[in-house]
2 protein chains.
Amino acid sequence: MRIGELSRRTGIPIRMLRYYEERGLLTPQRAPSGYRHYQEADVEQATLVSSLVRSGLPTRLILPLLRDKQLNPMDRDETDDGGDDLVALFAAEFARLDSQVKCLSFSRNAVQQHLRQLRATRVGHTPTGT
Amino acid sequence: MRIGELSRRTGIPIRMLRYYEERGLLTPQRAPSGYRHYQEADVEQATLVSSLVRSGLPTRLILPLLRDKQLNPMDRDETDDGGDDLVALFAAEFARLDSQVKCLSFSRNAVQQHLRQLRATRVGHTPTGT
DNA sequence: CGTGTAAGGAATTCTGACACG
DNA sequence: CGTGTAAGGAATTCTGACACG
C-alpha cells in the first residue's frame, strides 16, 4: 500500500511516516515513480513506533528495540551493540513510563468516579442538551 | 504540619503547594505568623491534586472534582453547578486519559520486554561498569 | 527532537468522450 | 459490445526547507 493508505489505517500523519523512515524506523520499498510501498506488516510496526514516540521514547532508542523484535528468538546473542549504556537508558525509560502510567491511571480513575457521580446526580435535568 | 513537611511527605514542590492554594485546591489554616498549617488529610488531597495536575487536568476542573469528593455521600444532590458543560468536559478528559494510559502501557510493556532481552543476552560481559 | 506547514513539481487516478473492429 | 486512447482535472505523493516549543 502507499503512504496515504497506511496513514489512514494507522491514523499516523503522513509527515510522521516519512519522518520514521528518515530515522530508519520504517523502510518501505520504492516504486519507479518514487512512491513509497509498504508491506502489510508495516501497519503493526508503524503503530508500535508511533506509540513509542508518543510515549516520549527518542527515536534512537526505538531503532535497537525494533531490531531486537525482528530477530529470530535463537540467533540473538552477541547481536546487541550499545551494551551497558543501552541497558541503563532503557531502564530509565521504563521507570519513567511506569510511574507515568501509574499517575495517569490514578487520575483516570478519579475522573471516572467523578463522572459517574455527576451523571448519577443529574438524572433527567435537561433531556440531553445536544 | 507546615508547608515544608507537607512538601517532603508528598514530594510536591513548595512552589506547587502554594499554587494549589492560589487556585483554591488546598486551603490550609494560617498561624498568626502567617505560616500555612496543613491537616493530616491534606497529604492525601495534595497527592490527588498533584496527580491530576501532572495528568494534564486544568485546575478549574479539579476544583469541582474535589468538592464532589468532600461531600457526605448523602446530601450530594443539587450541589453541582456547571451542569452539562462539566459533564462534557470531564468526559473528554476521561477519554484523553484513557487513551493515553493505553498508549503508555503499551510502550511500557514493549520497553520492558526489550530490557529483559538485553539483560538476558549480556550475562556477565563486564561486571557492572559502574 | 518531534511535528506542522507552505511550495513547487512529478506521478497517479478519475471521468466522459470518441474511435475501432 | 469490449477495448484502446487522448483530454483535462483532481487527488496523491515527492522533496527540501522553515518554524515552533
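Just so it is clear: chains get the letters A, B, ... in the order the sequence lines come, proteins before strands, and each one is counted from 1.
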Within the 4.0 Å limit for protein heavy atoms, which parts of nucleotides 2-8 of chain C are touched? Write it as a string from 5' to 3', B for base, S for sugar-phosphate only, - for none.
BBBB---
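Note: the hydrophobic cluster containing L52(A) also contains F106(B) (ILVMFWY, side chain heavy atoms under 4.5 Å, direct or indirect links). Follow the hydrophobic side-chain contacts under 4.5 Å out from L63(B) and you reach F94(B) in the same cluster.
Residue contacts for R2(A): at a heavy-atom cut-off of 4.0 Å it reaches the sugar-phosphate backbone alone, with no base atom in range. Residue contacts for R8(A): at a heavy-atom cut-off of 4.0 Å it reaches no nucleic acid atom on any strand shown.
Within a 6.0 Å radius of CD in E5(A), more than 12 heavy atoms belonging to other residues, nucleotides or ligands are found. Counting non-hydrogen atoms of neighbouring residues, nucleotides and ligands closer than 6.0 angstrom, the CZ atom of R30(B) exceeds 12 such neighbours.
dT13(D) atom P lies 14 Å from atom CD of E21(A), rounded to whole Å. Counting to the nearest Å, the P atom of dT12(C) and the CD atom of E5(A) are 16 Å from each other. When rounded to the nearest whole Å, the span between CG of L61(A) and P of dC1(C) equals 11 Å. Per the geometry, CZ belonging to R18(A) stands 6 Å off C1' belonging to dC14(D), to the nearest Å. E22(A) places its CD atom 10 Å from the P atom of dC1(C), with the value rounded to the nearest Å.
Pairs of Watson-Crick or G-U wobble type, with distances under 3.5 Å, assemble into runs of 3 or more in DNA chain C at these ranges: C:1-5 with D:17-21, C:17-21 with D:1-5.
Separation of atoms CG (D42(A)) and OG1 (T10(A)) is listed at 10.5 Å; rounding is to 0.5 Å.
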Mind running side-chain hydrogen bond (donor to acceptor under 3.5 Å, both in side chains) on S51(A) and S107(B) for me, showing each step along the way?
CA-CA 6 Å; S51(A) 188; S107(B) 297; 3.2 Å; yes
Test side chain to side chain contact (heavy atoms under 4.5 Å, CB included) applied to V43(A) and M1(A), step by step
CA-CA 10 Å; V43(A) 173; M1(A) 79 200 78; 3.8 Å; yes
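If you check distances only, the side chain of Y35(A) does reach the base of dT12(D) with a donor-acceptor pair under 3.5 Å.
Sorted by first and then second residue, the side chain to side chain donor-acceptor pair (under 3.5 Å) pairs involving residues 91-100 of chain A (not counting sequence neighbours) are E93(A)-R96(A), R96(A)-Q100(A), D98(A)-K102(A), D98(A)-R108(B).
Taking only side-chain nitrogens and oxygens, R36(A) comes nearer than 4.0 Å to OP1 or OP2 of dC14(D).
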